[in-house]
Number of protein chains: 2
Amino acid sequence: MRISSRCEYGLRAMVFLAASEDPRPVPLPEIAAGEGIPAPFLERILARLRESGLVKATRGVSGGYQLAQPPGDIAVGDVVTALEGPLSLVGCVPDDGGCERAESCASRVVWRRLDSAISGALNSITLEDLTREAVPR
Amino acid sequence: MRISSRCEYGLRAMVFLAASEDPRPVPLPEIAAGEGIPAPFLERILARLRESGLVKATRGVSGGYQLAQPPGDIAVGDVVTALEGPLSLVGCVPDDGGCERAESCASRVVWRRLDSAISGALNSITLEDLTREAVPR
DNA sequence: CTAATCCCAACCGAATCGGTCGGCATTATG
DNA sequence: CATAATGCCGACCGATTCGGTTGGGATTAG
């Protein structure tokens, strides 16, 4: 149970973009250099973030990446979900999940609690919070 | 970011043992059949749990497995840690971690919050709680 | 002695992770 | 128009982990 480097990098890159209030798009090599992330790897990370609509890119000479929404509207959970898949930790948590043992399974309440603890922690922080260093709650 | 089947199975097995207050050791095939877990796989799971001191085994004809401590003394977090490794999600969270960017890294506070949310959720529930179906808090 | 049971090591296919490489498409600038 | 900067995309790669299986050995109650 470990957060992937992909996800660590991705969040750092998003914070980097959020911190550059500069409206001009930030080219990938600049992010990579600033955060110490291998550029080709970062490229694939940003691709996922773009597909998830968290980031938009402009191509061509003075192109680069920008946040697709204001930093206050992007929760950390959005970034993690985009890069790590759904936050849910086990398949059996949703009621429609195919686990026929669901009724009697005591363990399920654990995973449920864990799920809500995780999404609570991640969805209550936005990128804006992180740039201010003042995390709420 | 997903809990492994190993871990799901392991917790189910532990709850199974906790529920059988019967002081006689429970043979592996009985657990496997009761929880629908492939027996050879369960064997390796129980091996880990034994190495972590959560379970003790008696060999020979009427042998089997028992909890090594009363169910009220075993937290779900102990089981997960034994099977999934340390609960910490990223390497950079401890202060001694080699991340030279640690001071300035805004993302770190996220992982810290996540870590404490997870360990809070898992360490506040014991196997005894699960057998009673009445989870505290 | 025998059968039940735990113990252990080796192996396996599939998936994921963390990257790299090479090349194509787009676009601002001169 | 030419060029250079940039994003986009697909293929590949080695290492690791996951989810199991197989086969055999050690222990012990009856």
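Letters A, B, ... mirror the listed sequences (proteins, then strands); counts begin at 1. Below, all heavy atoms of this structure are taken into account, side chains as well, without hydrogens, waters or symmetry copies.
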Asker: Rounded at 0.5 Å granularity, tell me how far CG in A/Leu127 sits from OG in B/Ser107.
Answerer: 9.0 Å
Asker: Closest approach to the side chain of B/Glu43, judged atom by atom: which nucleotide of C/dC8, D/dG7, C/dG18 is it?
Answerer: C/dC8
Asker: Would you say that B/Val80 contacts B/Leu11 through its side chain, given a criterion of any heavy-atom pair below 4.5 Å between the two side chains?
Answerer: no
Asker: To the nearest 0.5 Å, what is the distance between CD on B/Gln69 and NZ on B/Lys56?
Answerer: 9.5 Å
Asker: Assign B/Leu46 to base, sugar-phosphate, or nothing according to its heavy-atom contacts below 4.0 angstrom with the strands shown.
Answerer: nothing
Asker: Which of these nucleotides, D/dC18, D/dA26, D/dC8, is closest to any side-chain atom of B/Arg59?
Answerer: D/dA26
Asker: Whether B/Ser5 contacts D/dG19 is assessed here as follows: a side-chain N or O lying under 4.0 Å from the phosphate OP1 or OP2. Is that the case?
Answerer: yes
Asker: Ignoring the backbone of B/Phe41, work out which of D/dC8, D/dG19, C/dC7 is nearest its side chain.
Answerer: D/dG19
Asker: Whole angstroms only, please: what is the CZ-P distance between A/Arg2 and D/dT16?
Answerer: 15 Å
Asker: Looking only at the side chain of A/Pro29 (C-beta and beyond, no hydrogens), which of the listed nucleotides D/dA11, D/dG7, D/dT21 gets closest?
Answerer: D/dG7
Asker: Quick one: the side chain of B/Arg44 and the base of D/dG20, do they pair up donor-acceptor inside 3.5 Å?
Answerer: yes
Asker: Scan B/Pro40 against the nucleic acid and name what it touches under 4.0 Å (heavy atoms): base, sugar-phosphate only, or nothing.
Answerer: base
Asker: If you assign each of B/Val26 and A/Arg6 to its closest nucleotide in DNA chain C, which residue comes earlier from the 5' end?
Answerer: B/Val26
Asker: Write down the distance between CG (B/Leu42) and C1' (D/dT22), rounded to a whole number of angstrom.
Answerer: 17 Å
Asker: Side chain of B/Val61 only, please: which of C/dA3, C/dC17, D/dG20 is the nearest?
Answerer: C/dA3
Asker: Is any side-chain N or O of B/Tyr9 closer than 4.0 Å to OP1 or OP2 of D/dG20?
Answerer: yes
Asker: State whether B/Arg50 places a side-chain N or O below 4.0 Å from either non-bridging phosphate oxygen (OP1 or OP2) of C/dC7.
Answerer: yes
